> 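What follows is a structure written as structure tokens; I'll ask about it next.
Below, each value reflects all heavy atoms present in this structure, side chains not excepted, and no hydrogens, waters or symmetry copies. Quick caveat: nothing in here was measured; it's all calculated off a predicted structure.
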Amino acid sequence: MTELAAAKTALKTQAVETPSWAYGNSGTRFKVFAQAGVPRDPYEKLDDAAKVHEFTGVAPTVALHIPWDKVDDYAALAKHAEQRGVRLGAINSNTFQDDDYKLGSICHPDAAVRRKAVDHLLECVDIMDATGSTDLKLWFADGTNYPGQDDIRGRQDRLAEGLAEVYERLGEGQRMLLEYKFFEPAFYTTDVPDWGTAYAHCLKLGPKAQVVVDTGHHAPGTNIEFIVATLLREGKLGGFDFNSRFYADDDLMVGAADPFQLFRIMYEVIRGGGFAPEVAFMLDQCHNIEAKIPAIIRSVMNVQEATAKALLVDGDALGAAQASGDVLEANAVVMDAYNTDVRPLLREVREEMGLDPEPIAAYRRSGWGEKIVAERVGGRQAGWGA
């Protein structure tokens, strides 16, 4: 198989999970901006997600966030997804919005609050059982604002204890994906601040626990592709939350701030054997001022473009240059791939998949945007509040 044919095959099998919350209203820390046609419940979110998959062909699953996506019958929700041509993906927990969690959740000094948090995580595993989901994704806002506020080591002990209880509840084929974030909302200490902390806990828990890399959760200048390469080498990279940042956790469209970084990350994924179902590629974005569905389609396309460029890196030429110590040639090989215009290739791939070569244009012609604005009148829109 030629290099181009291999790249096409890989691109056709790529899967990017979209997040249910990205279809709802979101905003800055100061204001949430409502848009006409936004979904009012998880069922309508799935309807929109199905349109993204319809026009991209590579977004077959939708992540849920509990309790944002809480319903009475999760089996019925999973069936609705299947009828729309998609499936339910990762179940994301929420231990950061209740008043009880002001001083933390799973790391809180009060045992009753910790019990509440762990019970919520166990509920999420129950939802996994009902939906057929395989991934439980955990992000904790836990931390402290002041020196002496709480015992740093003690909080790690509580974290380990809570994670162990949830880990034991996981069933066959299920896994725990632990996310990290170096700051916010706490500013002195964060209980899972970096990949090393997440890795240490996952290593102790066992093979069903893996690390999630959110591309917006790093300090400026962090070499994310090094982290990716290391976690892949250790067999502990569970997945990505793709977004983009200029300053902090901006949750902008993936590839918006630094498309070259996204390319470098995808090269390490491919190089390290992570282009496989075991590594989940998911968007985690907030479309505050742009139309939701076109923005998500564009994000999926940005991941595809970075992946296509990474697949075109001439591995033999790069290896030869590296072995001979030819620094400039090695860099040139990488830059040649990055500078390749892969849009014609991706148009070919889509046509061969029976799709329109221009997903956003096809979506706009479909009339779905106008349809949901006209029909979704009344009720309460999904989102983070006003």
Side-chain angles (χ1 to χ4, degrees), residues 2-20 22-23 35-39 44-62 84-87 240 242-244 252-263 265-266 270 275 281-312 337-375:
T2 67
E3 181 183 81
L4 187 60
K8 281 186 173 183
T9 298
L11 290 165
K12 289 174 184 176
T13 59
Q14 187 173 28
V16 180
E17 185 163 293
T18 68
S20 68
Y23 298 97
Q35 294 183 18
V38 161
E44 290 182 345
K45 292 178 182 180
L46 291 174
D47 293 342
D48 287 354
K51 289 298 174 181
V52 174
H53 183 48
E54 178 183 337
F55 294 110
T56 64
V58 295
T61 57
V62 187
R84 297 300 184 272
V86 292
R87 304 186 310 278
F240 289 92
F242 280 130
N243 52 58
S244 198
L252 299 174
M253 290 167 51
V254 60
D258 191 351
F260 185 45
Q261 180 190 68
L262 182 59
F263 158 78
I265 290 170
M266 291 310 303
I270 294 165
F275 201 65
F281 299 101
M282 199 197 84
L283 305 179
D284 181 13
Q285 302 175 173
C286 299
H287 304 289
N288 302 337
I289 59 175
E290 64 269 30
K292 316 292 182 183
I293 301 174
I296 297 172
I297 292 174
R298 171 59 65 187
S299 297
V300 172
M301 293 171 66
N302 287 348
V303 175
Q304 287 182 298
E305 289 185 17
T307 304
K309 292 181 178 187
L311 287 165
L312 294 180
Y338 176 69
N339 289 322
T340 301
D341 184 357
V342 296
R343 291 174 298 177
L345 169 63
L346 286 165
R347 284 194 286 267
E348 285 184 25
V349 168
R350 294 184 188 113
E351 288 177 335
E352 291 175 8
M353 294 173 67
L355 303 170
D356 191 292
E358 299 291 347
I360 291 181
Y363 169 74
R364 287 174 175 158
R365 289 195 306 270
S366 74
W368 182 257
E370 294 78 10
K371 174 181 170 66
I372 58 179
V373 167
E375 293 182 354

> Parallel, tilted or perpendicular: which fits the ring planes of F242 and F281, with parallel below 30° and perpendicular above 60°?
parallel

> Closest approach of V52 and A59, non-hydrogen atoms and distance?
CG1-CB, 4.0 Å

> Say you draw a straight line from OG of S366 to CD of E54; how long is it, rounded to the nearest 0.5 Å?
7.0 Å

> At what distance, to the nearest 0.5 angstrom, does CG of N339 lie from CZ of F263?
8.5 Å

> If you round to the nearest 0.5 Å, how far is CD of E375 from CG of D47?
10.0 Å

> Does some side-chain heavy atom of R350 sit less than 4.5 Å from a side-chain heavy atom of M301?
yes

> Rounded to the nearest 0.5 Å, what separates atom OG1 in T18 from atom NZ in K51?
14.0 Å

> Write down the atom of L312, the atom of A7, and the distance for their closest heavy-atom approach.
CD2-CB, 4.3 Å

> Shortest non-hydrogen contact from G255 to P259?
O-CD, 3.3 Å

> Among V303, L311, V300, T56, which one satisfies side-chain contact (heavy atoms from CB on, under 4.5 Å) with Q14?
V303

> Without swapping roles, check the side chain of N243 against the backbone of D284 for a donor-acceptor pair under 3.5 Å.
yes

> Would you call V349 and Q304 a side-chain contact if the rule is heavy atoms closer than 4.5 Å?
no

> Looking only at non-hydrogen atoms, find the nearest pair between A22 and K292 and report the distance.
O-CD, 3.6 Å

> With a 4.5 Å limit on heavy-atom distance, are the side chains of Y23 and I293 in contact?
yes

> Who passes salt bridge (charged side-chain N to carboxylate O under 4.0 Å, His left out) against D48, sequence neighbours left out?
R376

> Between Q285 (side chain only) and V254 (backbone N and O only), is there a donor and an acceptor less than 3.5 Å apart?
yes

> Just how far is it from atom CG of N302 to atom OG1 of T307, taken to the nearest 0.5 Å?
10.5 Å

> Can you establish whether the number of heavy atoms outside R343 located under 6.0 Å from its atom CZ is more than 12?
no

> How far does CD1 of I296 sit from CD1 of I360, to the nearest 0.5 angstrom?
11.0 Å

> Partners of E352 by salt bridge (charged side-chain N to carboxylate O under 4.0 Å, His left out), sequence neighbours excluded?
K8, K12

> Under the rule for side-chain hydrogen bond (donor to acceptor under 3.5 Å, both in side chains), what residues qualify as partners of S244, not counting sequence neighbours?
none

> What closest approach, in Å, do A308 and L345 show between heavy atoms, and which atom pair accounts for it?
CB-CD2, 4.4 Å

> Looking at every non-hydrogen atom in both residues, tell me the closest pair between H287 and A295 and how far apart they are.
ND1-CB, 3.3 Å

> What do you reckon, is CG of L4 surrounded by more than 12 foreign heavy atoms closer than 6.0 Å?
yes

> Using the side-chain contact (heavy atoms from CB on, under 4.5 Å) rule, take M253 and E290 through it: C-alpha gap first, then chi angles, then the decisive distance, then the call.
CA-CA 10 Å; M253 290 167 51; E290 64 269 30; 4.0 Å; yes

> Does K309 make a cation-pi contact with Y338, if we ask for NZ or CZ under 6.0 Å from the ring centre and within 45° of the axis?
yes

